[in-house]
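To start, the structure under review is shown below, and the notes come after it.
In this chain, residues are counted from 1 in sequence order. Order of appearance sets the numbers: ligands from 1, and atoms from 1 within every ligand. As a basis for the values below, the full set of heavy atoms in this structure was taken, side chains included, without hydrogen atoms, waters or symmetry mates.
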Amino acid sequence: MARTVYVNGEYLPEDEAKVSVFDRGFLMADGVYEVVSVLGGKLIDFQGHMVRLRRSLSELAISEPMTDADCLAAHRELIARNAITDGLVYLQVTRGNPGDRDFAYPPEGTAPTVVMFTQSKPGLADAPAARTGWTVVSVPDLRWGRRDIKTVQLLYPSMAKMEAKARGADDAWMVEEGRVTEGTSNNAYIVKGNTIITRELSHDILHGITRAAVLRFAAEAQMQVEERAFTIDEAQQADEAFVTSASSFVMPVVRIDDAAVGTGAVGPVATRLREIYLEESLKLGV
Ligand code: PMP
């Protein structure tokens, strides 16, 4: 069955949906996006994603295309029309179609382009990988300096993902000035004793919505949280490691480059945090 997708206010079969060849998103990667997970038909942390979307748009001076309420209604409509129980809703907003190619931004009043589509992923929360953990390899972080803005410039993370695959790993951890920034599409953590360590927020990393929730739940569960950068060496010697994102939730990492982390098996802290995250965020789902 062809998916129904959303383009600029219209719901269309995916093979009839169109965006201009002059769209700034296509020509210049001039756009931002969000991915919200769906579990049991509920949107997880929708409001957090909307707050970050607005911040990304404002940092790039792209006008806000719709209200949160309209955006929520469109998410729900797509979930219903595509009969999604578990999966994702992808939302992209670009600076729109100026009708030609030019480095200068188009005149004010040029409407942003809004595209949304669903991805069905039955059993998303029961990913078998959560029981065995991911392996990661380290790569240099060659991205631009505003990784806190969730832009669609995903070429380098894609290249890093391909390098990870070529090296037999599940993902890559990017390293800058000797310290881990984040995974290709997730935030990175290590665990030492009762302390969870993850890089502090700055322009260097995406401010993960899952990260914010997990750190809040960790503090509520009396775990210590230290927000600071760490090296690959320190991570290899940690008791546990894991990553977080809207689509992988909390995913244990059991190997970094050529070293097993801790026992080399999925550890209790990552397991517990995954359980808490899924349980608590489902309760708050809309
Ligand atoms: N860092 C990067 C580079 C990402 O692409 C993502 C996921 N989009 C994340 C972190 C995790 O963010 P979130 O928890 O909001 O999905």
Item to complete: Using a strict 4.0 Å cut-off to heavy atoms of R52, name the atoms of ligand 1 that fall inside it.
Response: 12 (O), 13 (P), 15 (O)
Worksheet item: Does any N or O in the side chain of R24 come within less than 3.5 Å of the main-chain N or O of L27, such that one atom is a donor and the other an acceptor?
Response: no
Discussion item. Out of all atoms in ligand 1, which are within 4.0 Å of some heavy atom of R143? Include the element for each.
Written reply: 3 (C)
Response to the item:
So the atoms of ligand 1 within less than 4.0 Å of a heavy atom of G208 turn out to be 12 (O), 13 (P), 14 (O), 15 (O)
Item to complete: Start with the C-alpha gap between I62 and D30, add the side-chain angles, then the distance that decides, and say whether side chain to side chain contact (heavy atoms under 4.5 Å, CB included) holds.
Response: CA-CA 9 Å; I62 299 176; D30 188 355; 3.9 Å; yes
Discussion item. Which residue and atom name correspond to the protein heavy atom nearest atom 2 (C) of ligand 1, and how close is it?
Written reply: E182 OE1, 3.5 Å
Worksheet item: Any donor and acceptor pair, going by atom type alone, linking the side chain of D141 with main-chain N or O of V175 inside 3.5 Å?
Response: no
Discussion item. Check for me whether N186 has a heavy atom closer than 4.0 Å to any atom of ligand 1.
Written reply: yes
Practice prompt. Tell me which one of A212, A246, A213, S185 gets a heavy atom nearest to atom 4 (C) of ligand 1.
Written response: S185
Worksheet item: Can any side-chain N or O of N97 pair as donor or acceptor with the backbone N or O of T113 at less than 3.5 Å?
Response: no
Item to complete: Using ring-ring contact (aromatic ring centres under 6.0 Å, His included) as the criterion, point out the one residue from Y11, F117, Y90 that pairs with Y6.
Response: Y11
Item to complete: Scan E77, R3, Q119 and name whichever one has a side-chain contact (heavy atoms from CB on, under 4.5 Å) with N82.
Response: R3
Worksheet item: Could a heavy atom of T184 be found less than 4.0 Å from some atom of ligand 1?
Response: yes
Discussion item. Ignoring hydrogens, what is the shortest heavy-atom contact between M50 and C71? Give both atom names and the distance.
Written reply: SD-SG, 3.7 Å
Worksheet item: Can a salt bridge be assigned to the pair R228 and E234 using a cut-off of 4.0 Å between side-chain N and carboxylate O?
Response: yes
Practice prompt. Check whether any heavy atom of K150 sits under 4.0 Å from an atom of ligand 1.
Written response: yes
Worksheet, complete the sentence: Residue, atom and distance of the protein heavy atom nearest atom 14 (O) of ligand 1 read T210 OG1, 2.6 Å
Worksheet item: Would T181 and D204 count as having a side-chain donor-acceptor pair, cut-off 3.5 Å?
Response: no
Worksheet item: Under 4.0 Å from any heavy atom of T244, which atoms of ligand 1 are there?
Response: 11 (C)
Discussion item. Tell me the contacting part of I205 for ligand 1: side chain, backbone, both, or neither, using a 4.0 Å heavy-atom threshold, strictly below.
Written reply: neither
Discussion item. Using a plain distance cutoff, I'd like to know if I209 has any nitrogen or oxygen under 3.5 Å from a nitrogen or oxygen of ligand 1.
Written reply: yes
Item to complete: Mark up the atoms of ligand 1 that fall under 4.0 Å of a heavy atom belonging to N187, in ascending order.
Response: 10 (C), 11 (C)
Item to complete: Taking only heavy atoms of S245 into account, list the atoms of ligand 1 that are under 4.0 Å away from them.
Response: 11 (C), 14 (O), 16 (O)
